[in-house]
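Starting from 1, each residue takes its place in the sequence as its number.
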Amino acid sequence: MDKAASADLKQFIGVTVARLLHKIDTRFETVDRRLDGMDQRFDEMDRHLCKIDRRLDAVDEKIDDLSRSVAEALDSVNEATESRLRGYGVRLDRLEANAPSGV
């Protein structure tokens, strides 16, 4: 192989390698842009999820408050009902005590 052919072959290989490296570099840039876009989307999703989490915490607190209120109301009603029942029991005992025997 003469010097001219060798120089042409070197130039061809150099140009081919440079073109392939440019394609690879372009693909890396495309991947980097896509990854940047995905990072931005994930950050946005994270912000939205944080907002949702705060809202759910607020709803959770409201549910706890409502549950406590319902429990307190039920306790109050139960106490009033028990008091009435005790009163009825006392009245029945009195009625039975005053009833003529044999009835």
Side-chain angles (χ1 to χ4, degrees):
M1 181 179 293
D2 66 347
K3 287 186 177 185
S6 178
D8 285 345
L9 183 59
K10 285 180 185 178
Q11 183 181 6
F12 172 75
I13 291 172
V15 169
T16 303
V17 168
R19 187 175 43 220
L20 290 174
L21 288 175
H22 179 70
K23 283 183 180 181
I24 291 171
D25 189 44
T26 302
R27 287 183 181 168
F28 278 134
E29 288 174 5
T30 302
V31 169
D32 282 343
R33 279 194 307 274
R34 288 182 180 173
L35 287 175
D36 287 342
M38 289 175 65
D39 280 344
Q40 290 172 355
R41 287 186 211 141
F42 283 132
D43 289 343
E44 186 175 331
M45 287 173 53
D46 191 40
R47 283 191 300 274
H48 286 297
L49 289 174
C50 286
K51 288 178 185 178
I52 290 170
D53 195 37
R54 284 192 298 272
R55 288 178 188 164
L56 288 176
D57 286 344
V59 169
D60 223 11
E61 288 176 20
K62 289 178 183 178
I63 289 172
D64 288 344
D65 289 344
L66 287 172
S67 295
R68 277 191 294 276
S69 296
V70 168
E72 290 171 4
L74 287 174
D75 287 344
S76 174
V77 167
N78 286 341
E79 288 172 7
T81 303
E82 286 179 26
S83 176
R84 276 188 175 160
L85 288 174
R86 272 188 251 115
Y88 292 145
V90 168
R91 288 175 63 192
L92 282 173
D93 289 342
R94 285 184 194 154
L95 287 172
E96 288 175 353
N98 293 331
S101 58
V103 174

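Here the CD-OG1 distance, from Glu79 to Thr81, works out to 10.0 Å after rounding to the nearest 0.5 Å. Atom OG1 of Thr26 is separated from atom NE2 of His22 by 3.5 Å, given to the nearest 0.5 angstrom. Asp8 contributes atom CG, which lies 11.0 Å from atom CD1 of Ile13 (distance to the nearest 0.5 angstrom). Rounding to the nearest 0.5 Å places CG of Asp2 at 8.0 Å from OG of Ser6. For the atom pair Asp60 CG and Arg54 CZ, the distance stands at 15.5 Å (nearest 0.5 Å). In this structure, Leu49 CG and Glu44 CD are separated by 11.0 Å, a value rounded to the nearest 0.5 Å.
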- Query: Under the side chain to side chain contact (heavy atoms under 4.5 Å, CB included) criterion, do Glu72 and Asp75 qualify, and how do the steps go?
  - Reply: CA-CA 5 Å; Glu72 290 171 4; Asp75 287 344; 5.6 Å; no

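Here the rule is side-chain contact (heavy atoms from CB on, under 4.5 Å) with Asp43, and of Arg47, Arg41, Gln40 only Arg47 fits it.
Under the 4.5 Å side-chain contact rule for hydrophobic residues, Leu9 and Val15 do not share a cluster. By the criterion of side-chain heavy atoms lying less than 4.5 angstrom apart, applied directly or through intervening Ile, Leu, Val, Met, Phe, Trp or Tyr residues, Leu20 is not grouped with Phe28; the two fall into different hydrophobic clusters. Residue Ile24 is not grouped with residue Val31 when hydrophobic side chains (ILVMFWY) are merged at heavy-atom distances under 4.5 angstrom, including chains of intermediate members.
Here the side chains of Leu21 and Asp25 are not in contact, with every heavy-atom distance at 4.5 Å or above.
In terms of modelled atom types and a separation under 3.5 Å, the side chain of Thr16 and the main chain of Phe12 share a donor-acceptor contact.
Look at Asp65 and Lys62 and you find no salt bridge, because none of the NZ, NE, NH1 or NH2 atoms lies under 4.0 Å from a carboxylate O.
Counting non-hydrogen atoms of neighbouring residues, nucleotides and ligands closer than 6.0 angstrom, the CD atom of Glu29 exceeds 12 such neighbours.
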